[in-house]
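Here the structure is a predicted model, which is why all the values come from computation and not from measurement. Proteins come first, then strands; the chains are lettered A, B, ... in the order of their sequence lines, and each starts at number 1.
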Amino acid sequence: MSNNSTSTIIKSAVIKNPVLFEAIGIAPVVAMATSLKTAIMLTTITVIQMTVIELVTCRFLKLLKSRFRVLVYAVLGVLINIPMFSLFSYFAPNETAKVSIFLPIIAVNSLIALHCERFAVRHGIKDTLIDALSSSFGYGLIVLLTGLIREILGSGTVFGHEIALQIRLSGLLLPFGGFLVLGFVSALFKRVIKKSYPDEKPEAAFNLSEISQSHFDNIKNLFEEDFNPFGEDADAEAETKNTFKFKRIEKSSRDNKPKKEKVKKVKKEKKSEKELLNKTECKEIPVDNSQKLFEEISSKEEIPVPVKENIMSDSKKYESEFDDLLSELELHKSKKEKDGDNK
Amino acid sequence: MNIITGLFTAALYAMLFQNFIFTGGYGASEAVRMSAKPKQLYPMTILITVFSTVVSVICVLLEQINAIRSLGTIGHSLIFIAVLSVVYLVVLFLVANVLGAKKRTVRRVGIAAFNTLVLAVPFINYRAAFSIIEAIGSGLGSGLAFAIAVLTINIGLRRLDQCKNIPEDFKGTPAIFIYVAILSLAFTGISGRGLTL
């Protein structure tokens with residue numbers, strides 16, 4: 001394996017550990033990783049699930065819409081879990097019986113959906129395989145560590161064998177013990193990362209910039225508010241490229257008056273700001289040949305009047321949308337400059 | 001009267017006495033991540049409540065069929081995921097086509113449907129042999145439990161974010177996990193013991 005792949009694995013497994021620094025896939029860890037045996041079960045299932053589902057996604061599901069892919073991940077997860085469950089029942093019946101409710105639930109582990117949406121749909125097979133292995137390795141590492149700590153302190157055993165430990169904290173076997181162990185393990189990892197990789201900032205993986213936002217004034221926007229559950233848009237980039245213009249037209253066709261007024265206001269503000277600041281950096285965008293072409297075409301007599309009108313209205317829409325975009329951009333730019341001056 | 005009592009008891013059980021997130025750990029990732037973005041709380045809570053309630057009711061109804069009742073854990077997991085998938089497609093259609101929600105909003109439906117909390121509810125109903133009324137109660141309760149969990153974690157996150165006495169290594173997710181552990185301990189204390197399933 002090349003150095004590049006090794007560094008990717010270390011980065012994905014340790015520095016950007018999904019459980020410790022992104023709080024993904026916590027449920028199976030706190031609920032199931034209570035001993036080394038169950039931790040091994042969980043790790044094995046996760047590695048197989050991650051690898052198979054990510055590869056399937058990369059190979060076959062790229063063209064499927066994100067909303068349907070999520071369904072496929074869950075179904076595939078359950079289908080992979082069934083033989084695993086039977087296998088574990090054969091080798092470790094007692095442990096399997098203990099965690100029988102959690103095994104099917106792992107099928108909907110958020111870690112898998114997140115990595116498929118973030119990575120598998122955007123990359124090739126090789127990169128996807130490395131990502132699947134590294135993230136499941138990182139996940140497994142934490143699961144095994146948590147399972148071991150909880151088994152030693154909670155049950156006083158290691159892999160089922162009694163050890164001479166005077167203290168037994170059986171509360172650690174409950175979910176709150178899992179959270180507690182995760183807290184201390186993540187602090188330990190953070191310290192190690194800061195010593196070994198001083199330039200890395202693992203805490204940046206969990207974005208806390210929006211915690212102060214109110215949740216009360218958004219009830220009315222239930223189906224309008226932007227929402228990004230995966231932290232990144234999986235296929236949004238591709239969709240945006242293709243449908244950007246159409247989206248803008250759709251938006252304008254909805255035409256809610258307050259929005260238009262707002263845009264006008266923004267335009268006015270922008271103009272006054274422009275005059276005040278006397279900025280000359282913003283160059284005027286040259287009119288392209290499309291306008292001339294359109295005039296030529298529309299002047300031809302063969303085109304029926306309704307079609308002509310449609311073309312005219314469409315071009316006006318485009319123009320107004322373009323103006324709006326331009327004004328928003330300029331306003332944003334001037335605001336940024338203002339902020340920069342204030343600083 | 002019995003119906004209301006059963007519904008109320010099951011809802012309280014899922015919401016407070018055995019808060020599925022804190023005492024069971026189900027949906028913990030979604031709750032912790034959502035608590036960092038509280039403005040998305042209501043859409044997510046509504047969707048989770050819808051999914052958990054509808055799925056648990058359908059699964060309890062299916063449980064009346066002898067062939068399904070006699071199935072083991074694997075069989076039940078297949079049935080539950082099949083029901084969840086169908087409900088997901090129906091809700092997706094309603095949200096996308098009837099309500100005309102934005103694409104990004106449509107994407108949240110998947111996160112609300114396929115998480116450990118929603119899938120755990122029919123399993124808990126099956127293990128506890130809940131009736132339909134109790135299944136409705138536990139479905140509604142799990143949605144509300146999610147909201148309670150997100151709000152309580154969010155309050156803590158706000159304080160933790162401003163606190164300057166936290167050691168450098170514990171800032172961020174380590175402090176969050178320990179805070180969630182304390183909350184989980186409190187809810188476990190209310191219930192008397194952890195969820196043993």
- Task: Measure across A/Pro175 and B/Ser184 and return the closest heavy-atom pair with its distance rounded to 0.1 Å.
- Result: C-OG, 4.1 Å

- Query: Side chain, backbone, both or neither: which part of B/Tyr88 has an atom under 4.5 Å from a heavy atom of chain A?
  - Reply: side chain

- Query: Which of these passes salt bridge (Lys or Arg N to Asp or Glu O under 4.0 Å) with B/Asp169: A/Lys190, A/Lys195, A/Arg191?
  - Reply: A/Arg191

- Output, in order, the C-alpha distance, side-chain angles, deciding distance and verdict of side-chain contact (heavy atoms from CB on, under 4.5 Å) for A/Val75 and B/Ser85. CA-CA 8 Å; A/Val75 174; B/Ser85 302; 4.0 Å; yes

- Under 4.5 Å to a heavy atom of chain A? For B/Leu89 that would be side chain

- Query: Quick one: does B/Arg33's side chain get under 4.5 Å of A/Leu114's, heavy atoms only?
  - Reply: yes

- Query: Is a side-chain donor or acceptor of B/Thr116 paired with a backbone partner of A/Ile105 at a separation under 3.5 angstrom?
  - Reply: no

- Query: With only heavy atoms counted, which part of B/Glu30 is less than 4.5 Å from chain A, the side chain, the backbone, both or neither?
  - Reply: side chain

- Note, B/Leu183 side chain near A/Phe179 side chain (heavy atom, < 4.5 Å): no

- Query: Does B/Arg107 pair with A/Glu117 as a salt bridge, N-O distance under 4.0 Å?
  - Reply: no

- Query: Is it the backbone or the side chain of B/Ala96 that comes under 4.5 Å from a heavy atom of chain A, or both, or neither?
  - Reply: side chain

- Message: At a 4.5 Å cut-off on heavy atoms, which part of B/Val32 comes close to chain A: side chain, backbone, both, or neither?
- Response: both

- Side chain proximity check, A/Pro104 to B/Phe80, heavy atoms < 4.5 angstrom: no

- How about B/Thr173 and A/Leu20: do any of their side-chain heavy atoms sit closer than 4.5 Å? no

- The interface call for A/Val19 against chain B, heavy-atom contacts under 4.5 Å, is backbone

- Item | Note, B/Leu92 side chain near A/Phe68 side chain (heavy atom, < 4.5 Å) | yes

- Query: With a 4.5 angstrom heavy-atom cut-off, which part of B/Ile176 approaches chain A: side chain, backbone, both or neither?
  - Reply: side chain

- Message: For the interface with chain B, which of A/Ile82, A/Val30, A/Leu111 has the highest count of heavy-atom pairs at distances below 4.5 Å?
- Response: A/Ile82

- Item | Selection from B/Ile74, B/Val109, B/Ile21, B/Leu84 maximising heavy-atom pairs under 4.5 Å formed with chain A | B/Ile74

- Is atom CZ of B/Arg69 surrounded by more than 12 heavy atoms (other residues, nucleotides or ligands) closer than 6.0 Å? yes

- Between B/Phe114 and A/Ala74, the two heavy atoms sitting closest are CD2-CB, 3.4 Å

- Given that the side chain runs from C-beta out, which part of B/Tyr179 has a heavy atom under 4.5 Å from chain A: side chain, backbone, both or neither? neither

- Message: If you take the centroid of each ring, where Trp contributes its six-membered ring, are B/Phe170 and A/Phe184 closer together than 6.0 Å?
- Response: yes

- Task: Name the region of B/Ile81, side chain, backbone, both or neither, that has any atom closer than 4.5 Å to a heavy atom of chain A.
- Result: side chain

- Task: Select one option (side chain, backbone, both, neither) describing which atoms of A/Phe21 are under 4.5 Å from chain B's heavy atoms.
- Result: both

